[in-house]
Every structure is written in structure tokens, then in C-alpha cells.
Amino acid sequence: HALGNRGTVTEASGFNPEEDAQKLYSAMKGTGTNEATIIEILAHRTIAQRLKIKEAFKQSVGKELVDCLKSELTGNFEKVAVGLMMPAPVYDAYELRNAIKGAGTEEACLIDILASRSNAEVKEIVATYKKENGKSLEDDVCGDTSGMFQRVLVSLLTAGRDESTKVDEAQAVQDAKDIYEAGEARWGTDEVKFLTVLCVRNRNHLLRVFQEYPKSSGRDIEDSIKREMSGCLEDAFLAIVKCLKNKPAFFAERLYKSMKGLGTTDSVLIRIMVARAEIDMLDIKAEFLKIYGKTLHSFIKGDTSGDYRKILLELCGGEK
């Protein structure tokens, strides 16, 4: 799993897993917990380093670090700390499992993850899910969703998107026309046509299709999707388009929406901050500032509190 070099969390120099394990143990033993130490260590080590700390902790303390964190911490702070201890595919599989089990499905989670991960990432998530849950992710998704939304998720789960970079000019023009004719130009919408183009073609080709699209319809592909679809299906197609155009901007928008207005959708905020800290958080922050004219840091600060706020701000990495 290639982590990007656009993360706010980078390798700690002079790293000593045994020392970190001891510090964490001291922070948690006895009465009371030293949260500052936990934040200091977890938010400033890469996942590879955290896994070494986990090993060292087990060796020297004879307990699982994650179990100790769970028994010492609570609420959203606990969710962040526990999430930080999981490698990317494990965390994604865990989030998907939580989104599916329980009453109702958190469709936003399925969309956020499946629309934004590469083929290789999706394949790893599928394998990890099976290993961790003994069930197939596809079966679970199918048991919990229906209709065209289900078909889009199943298509994304095949991880079969063309990953070449070549643009077939004539095909791009045809694709744009086909989508127009499947949506705007007719009564009712032929969603399969959208699926075939949006879930199968490569990114460069689709960017060309998106350029071409307004020539037929006089509007942006995103506007057409909003007019033609509704609910989860609309959200899924929009997410796919946005991730192809500019993935960090997609995450910036999801973060913004999770915090603006009344209340905070903590599940979304936590998921993105944990999953992207080591990959493209610097780009997400830059897009956030560009789109909303405010820093992500200031938003998190104004919308959260306590140790939860502290650890998120560390993951956000500085005010700029």
C-alpha cells in the first residue's frame, strides 16, 4: 500500500518502539490516564511505526495495546486512537463493517471509501474484510443495499476500472453523448449507461468525457447527475465524478459538510482525518482553504473539544 508523501503525519526520527511502548504503558497504568502522552505518540508516528510500537507493547507488557486504549479512553477520542492503530485496508474494512452492521446502513461510509480508493486498495479491502469477518464484503453490501445504488457499489467492488492513461477521443465524445441521451435527453434515466461509463473507464478518459459533456447538454456532468438522480445513487455518482476530478477537494468538501451548521458528523470527520493523515492531508488542507476561505484547522478547532480536538488538530498538522 503506497502511502503518499503529502501527509501531515510523517516518520518520527530517532524512533524507538520499546521506549514509546513504555511511555504509553506508563500513561495508562494506575488511576487516571495521561492523554497528552497518548496524543503525542500516536499522532506523530506513521502506521508502520505504530505497528512496531504495538509489537513492543505486547512483548513488554503482555497485553494488546488496542485493548488497553479501549479500556482507558472513551468516545470520539477513543475512536481516533483505535483507528490510528490499524493499517489502511484494515481500517477501511472495519469502517465498512460498522457502516453495514447495526440498524440502518451508513451509506456515506460505503460511498466515501469505495468511490475514492484505487483498484489495488479495493482489492486489499475486500481480502481484509473476508479475513476479519469471515464473510464477503460483496454479500454484506448486497444484503444491505438495493437497486441501482447496490449495482454501483458491486461494480466498484470488482476493482476493475481501466487504469491505463490513454484517451480514446472518439469514444470520449460518444460516452458524453451516451450519458446525455441516457439522462437529460430522455424521460426517465437509464442509470446503467452512467454506471458503464463512470465505473469502467480510466481517469484521463473520463476527465475528457467531463470536458466534452457540456457541449451536448449545456451543463456540467455534476449538475446533470443532481437533476436526474436522487438519494444514495446521486451521492455515489457525484462522489465518483468528484474523486476523479480532484480527490483532495472531494475530501475537503466532505470534511466541510461534516462540520458546518448544527452538530458534527463525527463518523465522517474521524474517518477522513485518520485515513488521509499519512496520504494527502496537506492537499486536503490546501483545497479546504481554497474552496472555503478558512483553514481546516480553524474549523476543527471550532467544532470539537477536549482530547478529541487535540488529537484531530495534531493530525491536521499546524494552522496553515
Tyr94: ring-ring contact (aromatic ring centres under 6.0 Å, His included) partners, not counting sequence neighbours: none
Compare every heavy atom of Thr8 with every heavy atom of Leu315, then report the nearest pair and how far apart it is. O-OG1, 2.5 Å
Does a donor on one side chain sit under 3.5 Å from an acceptor on the other, for Asn98 and Lys101? yes
Lys215 and Glu212 ion-paired at < 4.0 Å: yes
A quick test of your reading: do over 12 heavy atoms of other residues, nucleotides or ligands sit less than 6.0 Å from CD of Glu163? yes
Within the side chain of Lys285, is there an N or O that forms a donor-acceptor pair under 3.5 Å with the backbone of Glu319? no
SB check Lys247 Asp280 (cutoff 4.0 Å): no
Quick one: closest heavy-atom pair of Arg50 and Leu42, and the distance? NE-O, 2.9 Å
Value rounded to 0.5 Å, distance of CZ in Arg45 from OG1 in Thr10: 10.5 Å
From CZ (Arg219) to OG (Ser224), nearest 0.5 Å: 5.5 Å
How far apart are the C-alpha atoms of Lys245 and Asp220, what are their side-chain angles, what is the distance that settles it, and do they pass the salt bridge (Lys or Arg N to Asp or Glu O under 4.0 Å) test? CA-CA 12 Å; Lys245 284 186 175 178; Asp220 200 289; 3.4 Å; yes
Has Asn34 got a side-chain atom pairing as donor or acceptor with Ala27's backbone, closer than 3.5 angstrom? no
Any chance you could lay out the salt bridge (Lys or Arg N to Asp or Glu O under 4.0 Å) test for Lys70 and Glu78, step after step, and finish with the verdict? CA-CA 6 Å; Lys70 282 180 181 165; Glu78 177 192 341; over 6 Å; no
Within a radius of less than 6.0 Å around NZ of Lys242, do more than 12 heavy atoms belonging to other residues, nucleotides or ligands occur? yes
For Lys226 and Glu234, which heavy atoms make the closest approach, and how far apart are they? CG-OE2, 3.5 Å
Checking salt bridge (charged side-chain N to carboxylate O under 4.0 Å, His left out) between Asp283 and each of Lys290, Arg6, Arg276, which is the one that passes? Arg6
Which heavy-atom pair separates Pro248 from Asn246 by the least distance, and what is that distance? CD-OD1, 3.2 Å
Whether Thr145 side chain and Val141 backbone form a donor-acceptor pair below 3.5 Å: yes
Nearest heavy-atom neighbours spanning Arg254 and Ile272: CB-CD1, 3.5 Å
Rounded at 0.5 Å granularity, tell me how far CD1 in Ile39 sits from CD1 in Ile311. 5.5 Å
Distance in Å, Thr304 OG1 paired with Phe77 CZ, rounded so as to fall on 0.5 Å steps: 12.5 Å
Supply the atom-to-atom distance Phe299 CZ to Leu255 CG, rounded to the nearest 0.5 angstrom. 10.5 Å
Does any pair with a residue in residues 125-181 pass ring-ring contact (aromatic ring centres under 6.0 Å, His included), and if so which ones, sequence neighbours excluded? none
Could you tell me whether Arg97 and Glu132 have a side-chain N and a carboxylate O separated by less than 4.0 Å? no
Kindly work out whether a path of hydrophobic side-chain contacts (I/L/V/M/F/W/Y, heavy atoms less than 4.5 Å apart) joins Ile125 to Phe250. no
Determine, step by step, whether Glu278 and Thr46 satisfy the side-chain hydrogen bond (donor to acceptor under 3.5 Å, both in side chains) criterion, reporting the C-alpha distance in whole Å, the side-chain angles of both residues, the deciding distance to 0.1 Å, and the verdict. CA-CA 7 Å; Glu278 232 176 292; Thr46 58; 4.5 Å; no
Applying ring-ring contact (aromatic ring centres under 6.0 Å, His included) to Tyr25 and not counting sequence neighbours gives none
Between Glu121 and Ser118 (side chain of the first, backbone of the second, donor and acceptor by atom type, cut-off under 3.5 Å), is there such a pair? yes
Are any side-chain N or O atoms of Glu314 and backbone N or O atoms of Glu40, one a donor and one an acceptor, separated by less than 3.5 Å? no
If every non-hydrogen atom of Arg117 is compared with every non-hydrogen atom of Ala275, which pair is closest and at what distance? NH2-CB, 3.8 Å
Side-chain contact, heavy-atom cut-off 4.5 Å: Met273 with Leu269? yes
Ionic contact status for Arg208 with Glu169, cut-off 4.0 Å: yes
Would you sort out whether Asp303 and Thr264 count as a side-chain hydrogen bond (donor to acceptor under 3.5 Å, both in side chains), showing the intermediate values? CA-CA 7 Å; Asp303 235 56; Thr264 303; 2.5 Å; yes
If we ignore hydrogens and angles and just use 3.5 Å, is the side chain of Glu222 paired with the main-chain N or O of Leu238 as donor and acceptor? no
